[in-house]
Each structure stands twice: as structure tokens, then as C-alpha cells.
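First up is the structure itself, then whatever we jot down about it.
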Amino acid sequence: MEHLHLSQGSYWILKRVIKLRIKPRICLECPECGSLIEEAPLAVCNECWGPLQVKQDYEAVKDSLKKREIKNREQSLWRYLELLPIKESRFIVNLGDGWTPLTRCQRLEKELGVRELYIKNDALNPTGSFKDRPASVGVSKALEFGFNVVGCASTGNLAAATAAHAAKAGVKSFVLIPGNIEPNKVVQSAAYGAKILQVEGTYDAANRLGILASEIFNWALLNINLRPFYVEGSKTLAYEICEQLDWNTPDRVIIPMGSGALLNSFYRGLADLEKIDFIDNSKDVKITGAQPKGCSPIVDAFHTNNRISPVKEPKTICKSLAIGEPASGKQAIKVIRETGGYADAPSDEEIIEAEKILASREGIFAEPAGAITLATLIRLIDNGVVEEDEKIVLLVTGSGFKSLEAAQKTVGKPVKIPANIDALREAVENG
Ligand SMILES: Cc1ncc(COP(=O)(O)O)c(C=O)c1O
Ligand SMILES: [Zn+2]
């Protein structure tokens, strides 16, 4: 292996390094210092504290995986098995995750004046958000590592996704959530049987406690000690969009950002496709990130000095995106810059309006964290960032059923009528 760092000389590292003499299909790599180590439930590099990433043997995948073969496979994210970090398929936990529709939005195209607009509707995943992708891969990997307790720190959607996959796998789950998330997300996670630990304070407080919990109790916490594997699941969004566009790329993708992990995974997914010769222009897709104005540490850093200042008290209707200390923010900014993308932060009012537009024009009911991508597109058109002839994909990452209180703010009340024809006629005539 190219880069072996033994300077700290710990026996533990030495053991791992020796094992890597046989080139594995999957290992972990530190993008900061280049260290390569055997796969393990580990998120940071022992040498430099960089964020570890899964490294695959793409040459082998290139030889074995063909587009025509994928075409006939099952309609879930597991159609891309060779690109996912699971070695034995018997560990796969699949609720029918992924392979969600990519819908052309002709009504919005006309209204907004863009050439080609698509929505990748990930609200249609089994638990109602894109988090089923990383949860399916993360829980499968936890089983492969031999864990019998899984969990996560979550702003709500990952909690439900983790709990559902744990239920399917028959293992126990603990989820750490902040105090103020939407009641529907809490009920949903509880229904799947998760033990819910509602931590006083913000998501960041829950996350910090999660780091300790993974150490103390030997749990597989998907976005903590299993983070390098968990984030791989979201790469399938990029695989699917390209496949659904007949292995072409869009010009721009707009992606909601909380921790920034989804945006990074999307980009790494495009890079994978280029490595195996499925596409040849991964860097031409302008990756564009969206955060709500009331919690926009990544967007603010993008527009100033690249340095992320934590937001202590997020204030936004997008509860899913209320992450003040984004773990993958630095990499997200790098990706946005490298691809010539952009970052923007609409207000809660703009997001609620976009949620209404999405539902009333395209029949897609999104939670605020999903509708934020349309709110961002509208702003970027108004500001001249987006050009008319672009082919654009918006990721809609969560369902409106998750946060009904947001939708209730904008919809009209039902017209209550007595059960007779005269009352019906009167109500209809009154519009
Ligand atoms: C609906 C929704 N969209 C987007 C995101 C952002 O994901 P990330 O934290 O990977 O940036 C989240 C995170 O919880 C989410 O729930
Ligand atoms: Zn390192």
C-alpha cells in the first residue's frame, strides 16, 4: 500500500497495516494524510484526525460491472452492490430503499423559465426521507462488523430510518435526538421500536453525547463510528440520477445541507461513476448547496473566508437541517468550489412558499428541508446565478408528512358543511 504511517508505532495500527498487504476490496483512507487502514468502525484518522473515507478497488469494479447488467437488477439502491461497502450480501438490510422517481417538472420549467428541471423525489423512500439510503448501508455494515446494537444522533429523519432498518434486522436501536424536533418524527421512530433518548439542547449536544455513547457501550452509531460506511449509501442518489438520465449528467444539482455529508456523498458518487467509465464529466455538474438562513454555517463560510463558525442556536423551520456544527462542512465547501457550484440560504418564508409551490404545481409534498432546494433555485434564478439553458435536478429529501405543522401554516382550512345537497351547492358556488 502506498502510504503507511507508523510514526506513532502503536501495536493496534501495526496489526492493521500488516493485514493490508493483501489488497482488500474495501479499506479506509484518510484524505488529509493519505493513511490507509483496514476497515473498522472508525471515523477519524489516528494520525491526523482527518475524516476517514471508504476506499474501493475501482479497477475490479470496472471489470465486473456493466451498465446493461444493472438495468435488469432489483429496483433498490442495492442494484449498485459492487459500489457499496458490504462484502457479504447476507448482511444486507433492505426495505426497498432507493430507486425513487426522477420526475420532469414541466409546469415549474415554464413558470421559472428553465430548460429542463427534474425532481429526485426521495420523500418516497420507505421511511419518507433519503436517510434510508445511508441507514440501509450503515445497518448492514453494523451487522457485518458483528454489532447487535445500532443507533445514531439525528435531527429526526435518520432516527426513523435507523430504527426501521434495525427493526427489520432484529437488532436493538438507540437514537439520540434534540429537544425540539417534529412530533411525527419522534412517533415514527418509536413505532419502529427504537429507544429514543431526547437530549436537552441542540442536535450538536446530542451528537457529542453520541460520540461518548459509541465508545462506552460499543454501539454502532451510524453517523458517528460508522460514518465512513454510512455516507456511502447516499452516493446512490448520484448513481440513480445518472442512470435515470440514460447515464448522462445534469448541469446542476441543488442539495440540502445539514452536516454537509449528503452533498459530499453525491459528489463522490459522481466521481465513482467516472472511475468505472460510466460517465466522463463528473466535475461538470455544478454542485449547489442549500441551508436555511437561520442555520447556514456552510453557506456563510462559502461566501466569506471558508472558515465555519458554529451556529449556537439554530432558528429555522427546517428542523432536519438545524446542525450548527457541520461535521462535513469543510469538504462540502471544497466540492462546491471545485465544481463551480454555489451555496445559498433562503429564509423560512421562502422555504414555506416553495413547499406550497412544489405541492400545488407538481404534486410533491415535501418537508421544509426538502423544499429548500426549490426555494434556492428560485433565488438563484432571480440573482442570475442559474442560466436559462441548464438541466437542473433538485433533491427533495424528505416528506411533508414528517412536519405537518410547517404545511399547516400555509394551507386553507377545510370547509365544514352539513350533509345535504343545498349546503354542498352553496360551498361549491362560494369557491
Ligand atoms: C430531509 C433532509 N434533507 C437533508 C439533510 C441533510 O443531510 P446532511 O446532514 O447529510 O447534510 C437531512 C439531514 O438530516 C435531512 O433530514
Ligand atoms: Zn490522516
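All ligand and atom numbering here is 1-based and tracks the order in the structure. Note that the structure is a prediction, hence the values are computed from the model and not measured.
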Contact with ligand 1 for G260, non-hydrogen, under 4.0 angstrom: yes
Determine whether the side chain, the backbone, both or neither of L321 has a heavy atom under 4.0 Å from any heavy atom of ligand 1. side chain
Identify, for atom 16 (O) of ligand 1, the protein heavy atom at the shortest distance, and state residue, atom and that distance. N157 ND2, 2.8 Å
Taking NZ, NE, NH1 and NH2 as the nitrogens, is one of them in R115 or E387 under 4.0 Å from a carboxylate oxygen of the other? no
Start with the C-alpha distance between D348 and K409, add both sets of side-chain angles, then the distance that settles salt bridge (charged side-chain N to carboxylate O under 4.0 Å, His left out), and finish with yes or no. CA-CA 12 Å; D348 278 4; K409 286 190 169 52; over 6 Å; no
Show me which atoms of ligand 1 lie under 4.0 Å from any heavy atom of A261. 8 (P), 10 (O), 11 (O)
Can you tell me how far apart CD (Q291) and SG (C318) are? Round to the nearest 0.5 Å. 10.0 Å
Which heavy atom of P85 sits nearest a heavy atom of Q56, and at what distance? N-NE2, 4.3 Å
Atoms of ligand 1 under 4.0 Å from any heavy atom of M257, numbered from 1 in the order shown, are 11 (O)
For ligand 1, which atoms sit closer than 4.0 Å to a heavy atom of E367? 1 (C)
Using ring-ring contact (aromatic ring centres under 6.0 Å, His included), reason through F217 and F174 one step at a time and then give a plain yes or no. CA-CA 11 Å; F217 303 115; F174 285 88; 7.6 Å; no
Among all protein non-hydrogen atoms, which one is nearest to atom 12 (C) of ligand 1, and what is the separation to 0.1 Å? F130 CE2, 3.7 Å
Kindly indicate whether the side chain of L95, heavy atoms from C-beta on, has any atom under 4.5 Å from the side chain of S136. no
Atom NZ in K131, atom OG1 in T155: separation rounded to 0.5 Å? 6.0 Å
Note: T397, heavy atoms under 4.0 Å from ligand 1, region reported as both
For ligand 1, note which part of T155 has a heavy atom under 4.0 Å away: side chain, backbone, both or neither. side chain
Among all the protein's non-hydrogen atoms, which is closest to atom 10 (O) of ligand 1, and how far away is it? L262 N, 2.9 Å
May I ask you to identify, for S129, whether its side chain, its backbone, both or neither come under 4.0 Å of ligand 1 on a heavy-atom basis? neither
Side chains of K283 and E274: closer than 4.5 Å at any heavy-atom pair? no
For S89 and W78, does a side-chain donor sit closer than 3.5 Å to a side-chain acceptor? no
Looking only at protein heavy atoms, what sits closest to atom 13 (C) of ligand 1 is K131 CE, 3.2 Å
Report the relative orientation of the aromatic rings in Y80 and W247; use parallel for angles under 30°, tilted for 30 to 60°, perpendicular for over 60°. perpendicular
Identify the closest protein heavy atom to atom 15 (C) of ligand 1: which residue and atom is it, and at what distance? S320 CB, 3.6 Å
Closest candidate by heavy atom, reference atom 8 (P) of ligand 1, pool S259, G156, G329: S259
Atom 6 (C) of ligand 1: closest protein heavy atom, distance to 0.1 Å, is G258 N, 3.4 Å
Would you please say whether a donor-acceptor pair under 3.5 Å links the side chains of T100 and D122? yes
Checking side-chain polar atoms at under 3.5 Å, does Q244 have a donor or acceptor matched by the opposite partner on Y118? no
Which atoms of the protein, restricted to N, O or S, are nearer than 2.8 Å to the Zn ion (ligand 2)? C30 SG, C33 SG, C45 SG, C48 SG
Does any donor atom in the side chain of S265 or R133 lie under 3.5 Å from an acceptor atom in the other side chain? no
